[in-house]
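Read the structure below first, then the notes.
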Amino acid sequence: MSNFGDFLPGAKENKIRAEAVIKRRTAAAAVTTDLDLELQDLQVSLDLDQKEFSPADMANFRQALERAKAVMSQIYNDVNLIADRPVPERITDAQAYEYMQPALRIEARSHEARHWFSLAAKARDELSKPREEAGDKIAAAEGQRLQAEQALAHARQVAEALKAAYAENFPQVEAALATAASEVQAASQMVISARLALGRKSWREAFDLARRSSTLFDSAAAKFHLIQAAEADYHHASQEADDALQEALSRLSAARPVFNEQAQLISSDPVFYLNPVVQKVGEARRAFKGTPPQYVTALRLAREALALLEQAQDRLGQEVQRLQQSRFDARENLTALNDCVQNLRYILNSQRSVPVKAKQLYERARLERDVLCPREQEIDRLSIPELVELVVSDKQALQTARAGLALVE
């Protein structure tokens, strides 16, 4: 039912203004409830954690929470002010401004309070992280320890077998085994210490010890992998060394006639190309026939011999190709020189007057041709350096003859 005052000039506007202020103040006070719950949750965490962590570890958490409590104290004061000064049914603009101040301060300080709540929660999480992760980290490290102990036992068996076989890679295996054994022992002791630290509620110490033990177990696992690889190499070599050695001998025997034939073309000794291969094959045979047989070494040397044989074949092919090209160039240049000198003579004889310089160049080119052309019979017997020298001389004489032709044409 409407009151008589509602019909006075401006009365309805004042009433609406009062209702809006009340609504704003009520919403601001309601925000305080959520903030208070969050503050209580952090306070409970602080009370529980301070029994398990040192004051130094709790410093960041405690400082952030104290700042949040100081802000909340100011918010509580404004809430009490709102409760102590209810809004009348009708208010003016000036009164609305005055009654709104506590609500505005609560809204502003609520953002600041949430900021400190966030920092406090982050500090709490960082404080609790080692405690939450220490158990899982220790459990994982204990699993690694079981695997490492099994791998260590197998690695010792492998080392004994390689030692009994006088394997040439046993020294590397022995060194890796000694290092892995010491790493497993140290890491196992760290796991035990981590368990003890967990019982003392030294969460950070337990987590750090478990983490360091995991690193050592990983390092030992790499050593065990190396030992397994050495075992595999030895067994593979014992089965493949004979075949690789026979292949090297077979390919060397097949290559000898080819090298003899090609070496005759370049007047070189096949021993120059095949001697490194023969040495490697001999070393491989001695390693394979040794007592005890050195299978890994024999396999490696046999493969090296095959690689050297391929290199020798490539080198011989390149030199033969280079020699053939040099002989071809020498013959081509001699033919071109002879043709050029003859052409120059015909032109000089057919003209009544010719430059003196052209006659001089002709005489010089002819003399050089008379010296070089008889050497065409020797081309197949010349070495590469001699052929290079002949080609250079041919080109110089050809250049002289062409210079004479340029003067008379």
Side-chain angles (χ1 to χ4, degrees), residues 57 128-245 283-284 286-304:
D57 294 336
S128 303
K129 184 177 180 180
R131 177 178 59 187
E132 296 172 357
E133 296 183 352
D136 295 338
K137 197 69 175 178
I138 292 175
E142 288 178 340
Q144 286 183 296
R145 180 177 66 176
L146 294 177
Q147 295 178 356
E149 290 175 350
Q150 295 175 358
L152 180 61
H154 177 69
R156 285 172 175 161
Q157 295 176 359
V158 171
E160 291 296 329
L162 293 177
K163 181 179 180 180
Y166 295 94
E168 58 268 42
N169 55 0
F170 171 70
Q172 293 83 358
V173 170
E174 184 180 27
L177 179 62
T179 304
S182 62
E183 289 176 341
V184 171
Q185 182 180 3
S188 300
Q189 185 60 46
M190 286 182 181
V191 174
I192 296 173
S193 300
R195 277 294 178 191
L196 296 176
L198 195 65
R200 297 194 308 270
K201 298 182 179 180
S202 298
W203 317 112
R204 293 183 183 277
E205 180 183 356
F207 180 82
D208 183 64
L209 287 170
R211 179 184 58 80
R212 291 166 59 190
S213 68
S214 178
T215 301
L216 284 177
F217 283 132
D218 290 339
S219 178
K223 308 297 189 305
F224 295 141
H225 180 73
L226 186 148
I227 293 172
Q228 293 175 357
E231 179 187 22
D233 289 343
Y234 179 78
H235 287 299
H236 176 74
S238 64
Q239 299 172 1
E240 300 293 333
D242 188 20
D243 294 339
L245 182 58
E283 293 175 4
R286 287 191 293 273
F288 185 79
K289 299 294 184 181
T291 306
Q294 303 293 309
Y295 295 120
V296 176
T297 301
L299 179 60
R300 175 177 57 81
L301 291 173
R303 289 174 175 173
E304 290 179 0

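The model shown is predicted, which means the values in this text are computed figures rather than measured ones.
Separation of atoms CD1 (I138) and CZ (F207) is listed at 10.0 Å; rounding is to 0.5 Å. Going from atom CG of L209 over to atom OG of S214 covers 12.5 Å, rounded to the nearest 0.5 Å.
Between the T215 side chain and the R211 main chain, a donor and an acceptor come within less than 3.5 Å of each other.
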Could you pull out all donor-acceptor pairs under 3.5 Å where a side-chain atom in residues 190-198 meets a protein atom, sequence neighbours excluded?
{"residue": "S193", "atom": "OG", "partner": "Q189", "partner atom": "O", "Å": "3.0"}
{"residue": "R195", "atom": "NE", "partner": "E142", "partner atom": "OE2", "Å": "3.1"}
{"residue": "R195", "atom": "NH2", "partner": "E142", "partner atom": "OE1", "Å": "3.4"}

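Pairing each heavy atom of V158 with each of I227, the nearest pair is CG1-CG2, 3.8 Å. The minimum heavy-atom distance linking F224 with V184 is given by the pair CZ-CG2, 4.1 Å. In terms of heavy-atom proximity, A141 sits nearest to A210 at CB-O, 4.1 Å.
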- request: Could you go through the side chain to side chain contact (heavy atoms under 4.5 Å, CB included) check for E205 and D208 one step at a time?
  value: CA-CA 5 Å; E205 180 183 356; D208 183 64; 5.8 Å; no
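With sequence neighbours excluded, the residues satisfying side chain to side chain donor-acceptor pair (under 3.5 Å) with D218 are Q144. For S188, there are no side chain to side chain donor-acceptor pair (under 3.5 Å) partners two or more places apart in sequence or in a different chain. Under the rule for a side chain to side chain donor-acceptor pair (under 3.5 Å), R145 has no partner lying at least two apart in sequence or in another chain. Partners of A222 by side-chain contact (heavy atoms from CB on, under 4.5 Å), not counting sequence neighbours: none found.
Within 6.0 Å of atom CD in Q185, 12 or fewer heavy atoms from other residues, nucleotides or ligands are found, so the atom counts as exposed in its surroundings.
Among pairs with a residue in residues 172-185, those fulfilling salt bridge (Lys or Arg N to Asp or Glu O under 4.0 Å) read E183-K223, at least two apart in sequence or across chains.
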